[in-house]
Amino acid sequence: MKNHFEKWERYIFDLLSPRETEEVKSHLGACAECRGALAVAQGRFSMFDVVAGGEVAVPSDMLARIRAGIDAVDAKYANYAGAASKIRGWKLFLAAAAAAVLLITARTTWMQNSSGPAMAPDRNFVTFTSGSVRLVRAVGRPLPVVEPGREVEEGDLLETGAGSSCDVQVGQRLTLHMTEKTRLKFTTLEYLDDGSKTVLGLAMGRCVLKSKKLLKNETFNVVSPTAVIGIRGTEFVVDVMGRLTRVGVLSGAVKVDRVAPAAARTAWPGVTVRKNEEVVIGDAEAAEVEEAEEVTAAREDMLGERIVFDAMTVIEKVRETGSLMIAGDPAGASVDIDGECAGTLPMGLSLDAGRKYNVRIYMEGYRDYSEDVTIEGGVGLRRTVFLEKTAPSGAGGGGGVRWQRKQDYEGAAPAVTSFGVVVCGYDGSVRAYDLSGQTELWRTSLGASTSGNPTASENSVFVGDTDGMLNCIDAASGGKQWSRRAGIIAARPVVSGGRVVTAANDGTVRSFDAGTGAEEWSCKVKGGIYTSPIVANGAVFVAALDGSIYLVREGREVWRDRIGTRISASPAASDGRIYVGAESGGKGVLACVELSAPSVAWKRDVDTPVLLKPLVSGGEVVIVTADNTFCAYDGPTGRPKWVVGLKGMVEADPVLSGGMICIAYKKTGKVEFYDASGEGKLARSEMLSGGVGAQMTPAAGVLFLSTRDGTLYCLE
Amino acid sequence: MTVEATDEQLMDKFAEGDEQAFNVLYARYAGRMMGFCWRYFGRRESAEDVVQETFIRVHAMREQFDPSKKFSTLIYTLATRLCINARSRSYMSAERGTETVEDAPARDAASPEETVFRKELKEKLHSMILALPEEERSVFILHRFEGMDYDRIAQVRNRSLRTVKYAMERAVSALARNLKEAGITPEVAS
């Protein structure tokens with residue numbers, strides 16, 4: 001007796017195609033052996049019916065427990081809604097976020113304390129929304145308005161409208177920020193026996209995702225129409241533009257595969273995109289083929305259509321070409337590639353991989369810019385170029401005002417990101433402009449007044465407010481990524497190694513994960529802190545109002561030394577040393593601290609207090625003292641080198657920009673540029689429309705600053 | 001409130017504030033959900049936890065329920081997700097193993113030995129189901145014990161039909177293999 005069909009379970013459980021089913025049926029009619037085999041298989045599976053017991057008795061107190069749970073949840077929502085309705089404007093978001101956290105915490109606590117159902121450790125919920133955010137639920141009606149705290153379930157679809165953004169916490173290790181006009185489906189959110197599995201489908205728009213290092217048995221994939229991005233712990237951006245998917249990695253690395261059958265994926269094993277690299281995956285002429293299982297399922301769910309794609313030619317194309325994107329100023333400057341006109345600023349184009357190209361950017365009235373670039377396959381190359389004006393401007397010749405932009409508020413120090421320049425107003429308003437100053441990219445509000453100057457990473461801006469919160473703002477969209485209690489931060493936070501380190505006026509130093517905002521540690525030192533910390537050698541140095549400097553390592557104070565009676569100027573670091581200016585009994589002191597084995601290398605008395613951050617340039621330490629004296633010391637030894645008298649009060653720290661030491665006057669609005677190698681020789685000056693009280697920000701060879709009359713300047 | 005009202009009508013009334021409608025839905029589905037969750041977990045306590053959370057979520061979603069959709073799809077969707085996610089919780093790892101719940105009363109003619117044998121057989125078979133990966137297990141239980149067709153399972157699991165069928169195929173292949181290895185045949189069982 002021969003069994004002609006190996007897998008009867010496929011027939012029994014209706015897993016064959018209609019054609020195959022008909023064939024088996026037809027065969028069964030003529031084959032007694034197979035009928036016997038089928039009967040055996042059916043009998044085998046019918047044994048499982050003993051497990052089926054239909055309904056199972058429910059505990060008598062189950063409904064009461066459910067009611068108690070419902071009441072607890074409703075109470076928390078009511079508190080949240082009540083709190084939110086009482087607060088207007090800027091407080092709304094903070095209250096909502098706090099309530100959301102409370103809600104989650106309370107629900108979890110309640111679940112754990114009430115012998116009710118323990119909650120899964122990983123929850124997925126919206127942490128921030130701005131503008132129009134819509135949730136299309138897998139079950140239930142769509143929610144036209146999504147508030148922070150709203151849970152996201154598997155199968156749900158989040159959509160952001162124009163000018164809107166949304167942040168979502170996915171489990172414990174993933175955070176994502178959706179920018180405007182983005183559709184993201186939470187295709188799979190599972191926490192299985194052997195690990196967790198998360199699949200997000202990005203149908204259109206842009207997401208910035210950041211994950212902590214995943215555990216061994218966790219998988220996390222983002223599926224776009226053309227690419228599958230798998231990560232293990234990194235920060236990256238995914239842009240979906242029709243049939244093109246761009247993956248840019250900010251930190252760590254991601255593995256990018258194509259949406260393709262397993263066989264095709266084997267043929268092209270994918271590409272690993274590392275920090276500061278990007279890859280574009282696309283497809284060209286589509287040809288329908290058999291789909292891969294899970295990826296296709298995700299894609300089908302996402303777009304509701306069968307996967308279509310071409311053969312491997314597109315990938316080869318991607319690997320054969322790379323993109324070059326050039327931004328900068330002035331807009332409209334001509335761009336030549338290898339001597340041929342390629343367009344005007346800003347522009348982007350695709351070039352053959354593995355080749356060197358000469359890029360020339362020019363415009364009348366500006367000096368030509370020329371650079372040789374080598375294009376890598378599948379990788380985008382970005383350049384931001386500022387052309388220098390050839391015509392002299394201002395006293396002393398050279399440089400000048402590249403652009404200026406009048407605002408309706410007095411700005412703090414500008415912060416420069418890869419997207420543009422961000423200015424925080426003291427009233428809490430935040431605006432971003434492109435680097436040419438011509439276009440306002442976005443505007444938002446902190447909800448509270450700014451407490452200090454902002455700091456930028458490539459894609460985020462960090463700034464404290466007078467409510468004692470540290471705010472992380474997405475540089476691309478202006479959406480608030482997170483907000484954490486950090487005390488009143490009077491000076492710029494510091495971003496280093498994926499961390500944001502803050503120092504508050506109550507003397508608390510805190511370290512946060514830059515991506516998630518999770519507080520990693522905190523440490524309170526004796527004096528209040530009004531200066532920026534320095535992160536070096538894995539430790540944090542802070543200069544406090546009690547006149548001491550402190551070394552903090554992983555939340556513990558490990559060293560301190562007293563420099564003077566009071567320190568209100570941020571220290572500066574260079575070549576393994578820290579330079580600190582202080583007050584000391586009505587006079588001043590400048591000290592040099594060796595970083596390797598913390599100790600004061602030298603100290604120099606100064607006639608008047610040092611109230612501004614020292615500037616280190618070419619082995620010299622330059623300070624501006626309270627009596628408006630501008631003097632330099634030898635960095636390694638502290639030996640005085642030169643002294644220059646200034647012409648008025650200076651409140652902004654001196655900065656180095658384009659080989660010049662820049663000094664800005666508080667009252668007159670004059671900015672002086674001293675030759676950094678010229679022993680205090682004035683090279684030129686520029687008169688601005690108002691005095692300069694906020695810190696200046698040198699970036700990309702130019703100098704950004706805000707004047708007291710609310711004008712944002714970009715100086716050569 | 002009449003008991004003849006459909007689930008969807010009850011949800012509609014519930015959304016309008018009729019809490020009694022929720023009680024009726026609870027009465028209709030609590031036992032069924034307990035059965036489903038128990039078969040999924042093999043542990044009564046865990047099943048109770050998930051059923052409780054399922055109804056809390058049903059309550060929370062009352063205003064978002066789309067009456068054009070089936071209520072049973074909603075509640076099975078919620079319960080299945082909660083089952084799958086609850087499996088990963090640390091406390092679950094300490095609860096491995098199965099317990100027989102609501103065993104049918106022994107037949108009059110059954111000897112004590114036969115009763116013990118049937119109990120052990122049931123535990124073995126249930127253990128085989130519990131040993132399946134989450135996706136396969138959920139699909140198998142929904143199809144075999146809850147009587148859902150694959151289209152409906154695809155809705156509940158938010159998967160494509162093809163993915164559901166793949167999961168079912170893997171499930172039944174694994175079960176067939178395990179039965180063979182364990183030497184359990186219908187003859188032995190009878």
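Lettering of chains follows the sequences in order, A, B, ..., and the numbering in each one begins at 1.
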Rounded distance (nearest 0.5 Å) linking atom [atom1] of [X] with atom [atom2] of [Y]:
{"X": "A/Met47", "Y": "B/Leu175", "atom1": "CE", "atom2": "CG", "value": "10.0 Å"}
{"X": "B/Glu135", "Y": "A/Thr188", "atom1": "CD", "atom2": "OG1", "value": "7.5 Å"}
{"X": "A/Leu189", "Y": "B/Arg81", "atom1": "CG", "atom2": "CZ", "value": "8.0 Å"}
{"X": "B/Tyr26", "Y": "A/Met62", "atom1": "OH", "atom2": "CE", "value": "5.0 Å"}
{"X": "B/His143", "Y": "A/Asp14", "atom1": "NE2", "atom2": "CG", "value": "7.0 Å"}
{"X": "B/Thr77", "Y": "A/Glu154", "atom1": "OG1", "atom2": "CD", "value": "9.5 Å"}

- Message: For A/Ser60, give me all partners under side-chain hydrogen bond (donor to acceptor under 3.5 Å, both in side chains), at least two apart in sequence or on another chain.
- Response: none
- Task: Flag the pair B/Glu19 and A/Arg67 as a salt bridge only when some basic side-chain nitrogen lies within less than 4.0 angstrom of an acidic carboxylate oxygen.
- Result: yes
Specify the closest pair of heavy atoms between [X] and [Y], including all atoms of both residues, with the distance to one decimal.
{"X": "A/Phe45", "Y": "B/Ala176", "value": "CZ-CB, 3.9 Å"}
{"X": "B/Arg44", "Y": "A/Pro59", "value": "NH2-CD, 3.9 Å"}
{"X": "A/Leu15", "Y": "B/Tyr150", "value": "CD2-OH, 3.6 Å"}

- Portion of B/Ser173 that has a non-hydrogen atom of chain A nearer than 4.5 angstrom: both
- Query: Using non-hydrogen atoms only, which part of B/Met128 is less than 4.5 Å away from chain A: side chain, backbone, both, or neither?
  - Reply: side chain
- Message: Measuring only between side-chain heavy atoms, which start at C-beta, is A/Phe13 closer than 4.5 Å to B/Lys165?
- Response: no
- Item | Note, B/Val51 side chain near A/Val58 side chain (heavy atom, < 4.5 Å) | no
- Kindly assign one of parallel, tilted or perpendicular to the pair B/Phe140 and A/Phe48, based on the angle between their ring planes and the thresholds 30° and 60°. perpendicular
- Item | Flag, side chain of A/Arg10 to backbone of B/Glu169, donor-acceptor distance under 3.5 Å | no
- Query: Does B/Phe14 have any ring pair (Phe, Tyr, Trp, His ring centres under 6.0 Å) partners at least two apart in sequence or in another chain, and if so, which?
  - Reply: B/Phe22, B/His59
- Query: Where do B/Arg177 and A/Glu9 land on the side chain to side chain contact (heavy atoms under 4.5 Å, CB included) test, with the steps shown first?
  - Reply: CA-CA 11 Å; B/Arg177 189 171 57 248; A/Glu9 59 268 18; over 6 Å; no
